[in-house]
J.: 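Dropping the structure in here first, questions after.
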2 protein chains.
Amino acid sequence: MSTEPGPEAGGKSLFSLQRRERLMEELRAHGAITVRGIAAKLGVSELTIRRDVNLLADEGLVSRVHGGATLPSPLDRSATAGLPSPHSYSIGMVVPSLDYYWPQVISGARAEAEEQNLRILVRGSAYDAADNRRQVQALLDTQNIDGLIVAPDMTGERGQELLRWLNALPIPVVLAERRSPGDNPAHRLEWVATDHAFGAGMAVRHLWQEGHRQIGCLTDSSSPTSPHVVRGWRQAMKALKIPVEKSVHEDSAQLVNGDRAAHFDHVLELCKTTGTTAMLVHSDTQAVAFVQHCVDRGIQVPGDMAVVGYDDEVAYLAEPAISAVRPPKQYVGKVAVQLMAARLAEGRLRPVHRIELNPELILRESSVGAPRVPAAGVLQDSL
Amino acid sequence: MSTEPGPEAGGKSLFSLQRRERLMEELRAHGAITVRGIAAKLGVSELTIRRDVNLLADEGLVSRVHGGATLPSPLDRSATAGLPSPHSYSIGMVVPSLDYYWPQVISGARAEAEEQNLRILVRGSAYDAADNRRQVQALLDTQNIDGLIVAPDMTGERGQELLRWLNALPIPVVLAERRSPGDNPAHRLEWVATDHAFGAGMAVRHLWQEGHRQIGCLTDSSSPTSPHVVRGWRQAMKALKIPVEKSVHEDSAQLVNGDRAAHFDHVLELCKTTGTTAMLVHSDTQAVAFVQHCVDRGIQVPGDMAVVGYDDEVAYLAEPAISAVRPPKQYVGKVAVQLMAARLAEGRLRPVHRIELNPELILRESSVGAPRVPAAGVLQDSL
DNA sequence: TCTGAAACGATCAGACTCGAACAAGCGAGG
DNA sequence: CCTCGCTTGTTCGAGTCTGATCGTTTCAGA
């Protein structure tokens, strides 16, 4: 059947792009192809195949060998010679805040970038999709960047739209502290994010071990982190068989000063009626304020009310010092840059990576009962 | 034996690059090779092997010895500038199969291990928790390993028990192609796994784009991969608004020969009554059998029934060649070793990493309708 | 230390592959 | 209708890979 050109469906001659696709497919199937064999199979001259092979080899999709081609091999000298190009890459980075949480992420990214010999250009942005896009666009226009690390707003239709746009950019994109949905519209986006649900769960289990049987949750729904914290809190409560519906779960987004004091009083009232003796407070800025409020109201921390904060930015400043879940912010930046560097080096052959990092629980005074050992931090493994 | 370089048809002749790769693989597996042995194995003259060895030695990838070659040894003074190998770690690796799927994972792991200057000890195991544990224990007892990469059976109470045991081991553990639950009992376990649900979803969306409106799923529930494939199929169906309850979803675990034929007939009958024109078949071994069965029954593939396989081990062998979702097996091994190397280097300060990799969809004849453009693979970005 | 067997590499020849240069085919646009 | 630009095919000298021969080197046992 394959004596004459057109062994495939219909003797239609293929376009060059299709031919190269066929070629890649044969290659994937067999691991290697001969110029002669493929030329016969596709009914074109060997020279044509050779030209295709050269083209694909230039893109790093195959390794050239005498008489044919193979899947790219690390032994292929020309490949390794070509890739570590002397011109170092520039990476754009757009983050939603330059004074909370993100400085450490950036610092981690910078350190790793230096290691990898990359340049990083950071821009701050607002917490909304339109501004995210503006900032990214500005980077694309004025600098010429080879890759993008970004923590976009993903809420609502605008967020989805932004994701699609990022997905379609001609340069690789890595999300930091954001998860793109696994399915279609963002299938090329890679990400690295902290598993905040795990962190919240860890806090709840710690409080449980300290003897607390009603554990509340105070969140700030204006933060993208919040839903994950709540989810983790819920899951852990369920696993510990504490009824979630009867537990204190309040949101303190957008509150300031006077309002906040009133709201905290409300929360404390709820705690009293439900018998809640421990709170997980998202954003440890809030936690600091909450602990301060408790102290002002004569409520002992941790005696009457144990508190664990979330984020560990300022938790150690409070009096008493607040236990907090600490996301590995430095590592988020570091891993994002590693992903980007690997992507730039290996190209399309590298599969899309999506990485979750576990936070750690830093124990301080606000959650550890007096009789217990106040030891803290990284050394504990038992949780 | 063949005077011509056999282009197809299992021809033994390899390109030099492939030969060198085979050589490296043998080397990684056994630690040393003899010129004579390899020459016989590959069916080339000893001189050719010698030339290859010299070439690899020049690049510092092997050490020459009289009669053969070994992995580069620090004792070999000709080795380039004495690679910094202060003390190399040993990693144990326990996988549930040595002849399906896992050889590629192992190969990827070996290659990366060599890069990182680690030693890897591989053991096969059965697909059950008790034997997993036995094999791991054997590694711990006889070799003394510094880290463990394992793909355990995680089903049932025995599986959970095994996870807890692994979690408590004094050495770092990385799971390959397995996800530990995010919560408590396995919080120290890191893992790297293919996002099979994404792969299944990609297949469904591809079939949808080809015009199919009823897409069935044929699974093998005896495989740990199966639940994820089903989940991805379900999710994608839901997103496309195809009623899942009315769709064909059959399981063919444990069937052989006669039973299988009967079962396939049953499946085809179901397809007819439901109007199903496309099937996602887990384990492409099954897919090959299924396509064969269709052809035997006079059902056109892809005309009457489009098929996408899952795993891409043998899918290309079928006639017509079967489209298949390909998990990045090499990368699973590679990333597992990277995780381990980083863990061994950085210790407990490094946060727990959990990594998902996306598979890719290899389009072949079995799912691509004649009228459509048959272009496939990496060059297309639109899916 | 000696000696035979095996391994090694320089050299050559044969078969095949590669790519430059030029010619021919095809589709788009003036 | 013709020309332009792009892709593909043909020819042929140069280049590459492999294997055979054979003299030299290395190894292991006496």
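Residue numbers start from 1 in every chain, and the chains themselves are labelled A, B, ... in the order their sequence lines are given, proteins ahead of strands. Hydrogens, waters and symmetry mates are skipped; everything else that's a heavy atom, side chains included, is used.
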J.: Over all strands shown, is A/V65 touching base, sugar-phosphate only, or nothing at heavy-atom distances under 4.0 angstrom?
T.: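 The residue A/V65 makes sugar-phosphate contact but no base contact.
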
J.: Run A/K41 and A/E26 through salt bridge (charged side-chain N to carboxylate O under 4.0 Å, His left out) and show every step you take.
T.: CA-CA 10 Å; A/K41 202 164 209 167; A/E26 289 295 325; 3.6 Å; yes

J.: Give me the ring orientation class for A/H187 and B/F198: parallel if the planes are under 30° apart, tilted from 30 to 60°, perpendicular past 60°.
T.: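 Rings of A/H187 and B/F198: parallel, as their planes differ by under 30°.
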
J.: Which one of B/K334, B/R119, B/R28 satisfies the salt bridge (charged side-chain N to carboxylate O under 4.0 Å, His left out) criterion with B/E114?
T.: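 Among B/K334, B/R119, B/R28, the one that satisfies the salt bridge (charged side-chain N to carboxylate O under 4.0 Å, His left out) with B/E114 is B/R28.
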
J.: Counting side-chain heavy atoms from C-beta on, which of C/dG19, C/dG9, C/dC16 comes nearest to A/H66?
T.: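 Looking only at side-chain atoms, A/H66 lies closest to C/dC16.
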
J.: Go through C/dG19, C/dG9, C/dA7 for me and flag the one nearest to the B/R36 side chain.
T.: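 Ranking C/dG19, C/dG9, C/dA7 by closest atom to the B/R36 side chain puts C/dA7 first.
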
J.: Round to the nearest Å and state the distance from B/R20 atom CZ to D/dC17 atom P.
T.: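 Nearest whole value for this atom pair: 8 Å.
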
J.: The side chain of A/S45 is closest to which nucleotide in this list: D/dT10, D/dT18, C/dC8?
T.: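 Among D/dT10, D/dT18, C/dC8, the one nearest the side chain of A/S45 is D/dT10.
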
J.: Identify which one of B/N358, B/L357, B/D311 satisfies the side-chain contact (heavy atoms from CB on, under 4.5 Å) criterion when paired with B/P327.
T.: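 Single side-chain contact (heavy atoms from CB on, under 4.5 Å) partner of B/P327 among B/N358, B/L357, B/D311: B/D311.
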
J.: At less than 4.0 Å, is any side-chain N or O atom of B/R64 found next to OP1 or OP2 of C/dG9? Yes or no.
T.: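 For C/dG9, OP1 or OP2 has a side-chain N or O of B/R64 closer than 4.0 Å.
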
J.: Any salt bridge between B/R364 and B/D312, counting N to O under 4.0 Å?
T.: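 The answer is yes: the pair qualifies as a salt bridge.
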
J.: Roughly how many Å is it from CZ in A/R19 to P in D/dT8, rounded to a whole number?
T.: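 Atom CZ in A/R19 sits about 4 Å away from atom P in D/dT8.
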
J.: Between A/T70 and B/Q18, does a side-chain hydrogen bond (donor to acceptor under 3.5 Å, both in side chains) hold up when you go through it step by step?
T.: CA-CA 7 Å; A/T70 71; B/Q18 294 179 288; over 6 Å; no

J.: Using whole Å, report how far CG of A/L55 lies from C1' of D/dT8.
T.: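 So the CG-C1' distance, A/L55 to D/dT8, works out to 14 Å.
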
J.: Between the base of D/dG19 and the side chain of B/R50, is one N or O donor paired with an acceptor at under 3.5 angstrom?
T.: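 No pair found.
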
J.: Counting just side-chain N and O atoms, does B/T48 come under 4.0 Å of either OP1 or OP2 of D/dG19?
T.: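 So the side chain of B/T48 is within the cut-off, an N or O lying under 4.0 Å from OP1 or OP2 of D/dG19.
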
J.: With a 4.0 Å cut-off on N to O distance, would you call A/E46 and A/R36 a salt bridge?
T.: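 Salt bridge between A/E46 and A/R36, a charged N being under 4.0 Å from a carboxylate O: yes.
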
J.: Round to a whole Å and report the spacing from CD of A/E46 to P of D/dG9.
T.: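 Interatomic distance, CD of A/E46 to P of D/dG9: 11 Å.
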
J.: Measure from CG on B/L47 to P on D/dT24 and round the result to the nearest Å.
T.: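 Whole-Å distance recorded here is 18 Å.
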
J.: So if I take the C1' atoms of five pairs at each end of the helix from C/dT1-D/dA30 to C/dG30-D/dC1 and get each local axis, what angle do the two axes make, rounded to 10 degrees?
T.: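 Both end axes considered, the difference amounts to 30°.
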
J.: Measure CZ/B/F15 against C1'/D/dT16 and give the value in whole Å, please.
T.: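 Computing the B/F15:CZ to D/dT16:C1' distance gives 13 Å.
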
J.: How many whole angstroms separate atom CG of A/L42 from atom C1' of D/dT7?
T.: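 So the CG-C1' distance, A/L42 to D/dT7, works out to 16 Å.
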
J.: Starting at CZ of B/R51 and ending at C1' of C/dG9, how long is that distance when rounded to a whole Å?
T.: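 Distance check: B/R51 CZ to C/dG9 C1' gives 9 Å.
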
